[in-house]
Amino acid sequence: MDALDSRFLRAFLVVAREGSIRRAAERLNVAPSAISRRLAEAEARLGVALVERSAQGIVLTDAGRLVREHALVRQDEERFLLDQLGKFRDTGGQVVRIAVGEGFAADLMQNGLGPLGSKHPHLRFRIDIAGTEEIQRRVIEGDADLGIVYNPVPMEATRSVALARQPLCGVVPVGSPLAERRSVRLAEMLDHPFAILDTRHGIRALVARAAGDLGLALRPQVETSSIAALIRYVGAGMGGSFLPRFSVSIQAERGEVAIIDLDEESLRHVSAHLMVRARRRLPQSAAVTIDYLAANMVAFQN
């Protein structure tokens, strides 16, 4: 049997993703011994170890990382072929899998997928909301066709097909003394009650770094993983928060909150990214989606 047949490669991707043979077996609904046996057989045929085993789970070796990359390329090419074949079937193309930060969700639906779906009714989408690091992981490991993130850490394994500068702004209650200001210093925002995203989000790191450079500490009244909760906090008049303008523009237009510029250099030079896995040949359905989102989402307009 081929050491790198398609069934093994699909299972190997799950093992690599889960970091555990037991969890991979649960995902695949097979016995852990079956996966261990297939893995040992592949290692014997290839003459190299693909994983290092420990009580905490498994870690890929250098050879294992090469096999994972090969498996991802095979998976991408299979999706590309099926997408192309879909042009000749009434059912249309493949599902486009989008991993997106919560702050982009309203923009994605209102300015992206809503109009795009009307133009291309055969397209179908799967949307997963996640934090920046998780979105990058999903794109790199082939769990998402494209990711939409705010201020990601650059990685060789991804490439940005669209990006636009989107400064971090202050969001305050309409009755706040800061609401009539055109811009404020970060120190002024931190002098008032505020809510902030938790440490899983890049925005928290941005604000913490800027505050640290000024010798200031973050003492939020509320920490949350939810952007919707932040907006409700501000709308209820409890205090301010920190978000890019596109994340809260709808509420600002309704007069529910006020948006003010932050007069801090490091918070102005941040950007929104539409990213894909590097060196991937994109299916037509994903390429059409990317082109439309880049041209029409507010987040990608400078």
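When reading the values below, keep in mind they use all heavy atoms of this one structure, side chains included, and skip hydrogens, waters and symmetry mates.
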Do [Y] and [X] meet the salt-bridge criterion of a basic N to acidic O distance under 4.0 Å?
{"X": "Glu156", "Y": "Arg279", "answer": "no"}
{"X": "Glu43", "Y": "Arg53", "answer": "yes"}
{"X": "Asp5", "Y": "Arg38", "answer": "yes"}

Taking C-beta and beyond as the side chain, do [X] and [Y] meet within less than 4.5 Å on heavy atoms?
{"X": "Asn151", "Y": "Leu206", "answer": "yes"}
{"X": "Pro244", "Y": "Ile203", "answer": "yes"}
{"X": "Arg182", "Y": "Ile260", "answer": "no"}
{"X": "Leu60", "Y": "Arg68", "answer": "yes"}
{"X": "Leu168", "Y": "Val207", "answer": "yes"}
{"X": "Leu13", "Y": "Leu9", "answer": "no"}
{"X": "Phe12", "Y": "Val51", "answer": "yes"}
{"X": "Val276", "Y": "Leu282", "answer": "yes"}

For [X], enumerate each residue passing the side-chain hydrogen bond (donor to acceptor under 3.5 Å, both in side chains) test, keeping only those at least two apart in sequence or located in another chain.
{"X": "Glu256", "value": "none"}
{"X": "Asp213", "value": "none"}
{"X": "Glu188", "value": "Arg181"}
{"X": "Arg165", "value": "His269"}

Among residues at least two apart in sequence or on other chains, which ones pass side chain to side chain contact (heavy atoms under 4.5 Å, CB included) with [X]?
{"X": "Pro173", "answer": "Ser176, Val234"}
{"X": "Leu163", "answer": "Ser160, His273"}
{"X": "Val59", "answer": "none"}
{"X": "Val174", "answer": "none"}

Specify the closest pair of heavy atoms between [X] and [Y], including all atoms of both residues, with the distance to one decimal.
{"X": "Leu186", "Y": "Ala211", "value": "CD2-N, 3.7 Å"}
{"X": "Ile259", "Y": "Cys169", "value": "CG2-CB, 3.7 Å"}
{"X": "Ala179", "Y": "Ala258", "value": "CB-CB, 3.9 Å"}
{"X": "Ala42", "Y": "Phe8", "value": "CB-CZ, 3.5 Å"}
{"X": "Ala49", "Y": "Ala63", "value": "O-CB, 3.7 Å"}
{"X": "Ala162", "Y": "Phe300", "value": "O-CE2, 4.1 Å"}

Item to check | Results of ring-ring contact (aromatic ring centres under 6.0 Å, His included) for His70 - residues two or more places apart only | outcome: none
Checklist entry - Parallel, tilted or perpendicular for Tyr150 and Phe246, by the 30°/60° rule? => result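 Rings of Tyr150 and Phe246: perpendicular, over 60°.
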Checklist entry - What do the steps show when you test Asp198 against Thr224 for side chain to side chain contact (heavy atoms under 4.5 Å, CB included), and what is the final call? => result CA-CA 5 Å; Asp198 63 27; Thr224 178; over 6 Å; no
Spacing of [atom1] belonging to [X] relative to [atom2] belonging to [Y], to within rounding of 0.5 Å:
{"X": "Leu267", "Y": "Met189", "atom1": "CG", "atom2": "CE", "result": "10.5 Å"}
{"X": "Ser266", "Y": "Leu214", "atom1": "OG", "atom2": "CG", "result": "7.5 Å"}
{"X": "Leu293", "Y": "Leu113", "atom1": "CG", "atom2": "CG", "result": "6.0 Å"}
{"X": "Met238", "Y": "Phe194", "atom1": "CE", "atom2": "CZ", "result": "13.0 Å"}
{"X": "Leu108", "Y": "Ile148", "atom1": "CG", "atom2": "CD1", "result": "5.0 Å"}
{"X": "Arg138", "Y": "Ile135", "atom1": "CZ", "atom2": "CD1", "result": "8.0 Å"}

Next on the checklist: Val171 vs Ile231, test: side chain to side chain contact (heavy atoms under 4.5 Å, CB included). Steps then yes/no.
Outcome noted: CA-CA 8 Å; Val171 186; Ile231 296 172; over 6 Å; no
Item to check | Criterion side chain to side chain contact (heavy atoms under 4.5 Å, CB included) on Val95 and Phe125, from CA distance to verdict | outcome: CA-CA 5 Å; Val95 173; Phe125 307 97; 5.5 Å; no
Next on the checklist: Under 4.5 Å between side-chain heavy atoms, counting indirect links through other Ile/Leu/Val/Met/Phe/Trp/Tyr residues: same cluster for Val222 and Leu243 or not?
Outcome noted: yes
Checklist entry - Would Leu123 and Val161 show up in the same hydrophobic cluster when neighbours are defined by side-chain heavy atoms closer than 4.5 Å? => result yes
Item to check | Result of checking Arg280, Arg65, Arg17 against Glu141 for salt bridge (charged side-chain N to carboxylate O under 4.0 Å, His left out) | outcome: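 Exactly one pass, corresponding to Arg17.
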Item to check | Candidates Leu190, Ile196, Leu197 - the one meeting side chain to side chain contact (heavy atoms under 4.5 Å, CB included) with Pro220 | outcome: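 Testing Pro220 for a side chain to side chain contact (heavy atoms under 4.5 Å, CB included) against Leu190, Ile196, Leu197 leaves exactly one candidate, Ile196.
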Checklist entry - Within the distance-only criterion (no hydrogens, no angle test), does the side chain of Gln166 pair as donor or acceptor with the backbone N or O of Ala299 below 3.5 angstrom? => result yes
Next on the checklist: The test is side chain to side chain contact (heavy atoms under 4.5 Å, CB included); show your working for Ile98 and Thr289 and say whether it passes.
Outcome noted: CA-CA 10 Å; Ile98 304 174; Thr289 300; 4.3 Å; yes
Item to check | Arg268 vs Glu264, salt bridge (charged side-chain N to carboxylate O under 4.0 Å, His left out): CA-CA, chis, key distance, verdict | outcome: CA-CA 7 Å; Arg268 289 201 294 266; Glu264 299 295 340; over 6 Å; no
Item to check | Where at least one partner belongs to residues 95-111, residue pairs that pass side-chain hydrogen bond (donor to acceptor under 3.5 Å, both in side chains), sequence neighbours excluded | outcome: Arg97-Asp145, Asp107-Asn111
Checklist entry - Restricting to pairs with a member in residues 228-247, which pass side-chain hydrogen bond (donor to acceptor under 3.5 Å, both in side chains), not counting sequence neighbours? => result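 Those involving residues 228-247 are Gln221-Tyr233, Arg245-Asp261.
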Checklist entry - Under 6.0 Å from the CZ atom of Arg126, do we count more than 12 heavy atoms belonging to anything else shown? => result no
Next on the checklist: Could you work out, with salt bridge (charged side-chain N to carboxylate O under 4.0 Å, His left out) as the rule, every residue matching Glu18, not counting sequence neighbours?
Outcome noted: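 Arg23, Arg27.
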Checklist entry - Can Glu223 and Arg204 be said to form a salt bridge (charged side-chain N to carboxylate O under 4.0 Å, His left out), step by step? => result CA-CA 10 Å; Glu223 295 184 57; Arg204 171 61 176 263; 2.8 Å; yes
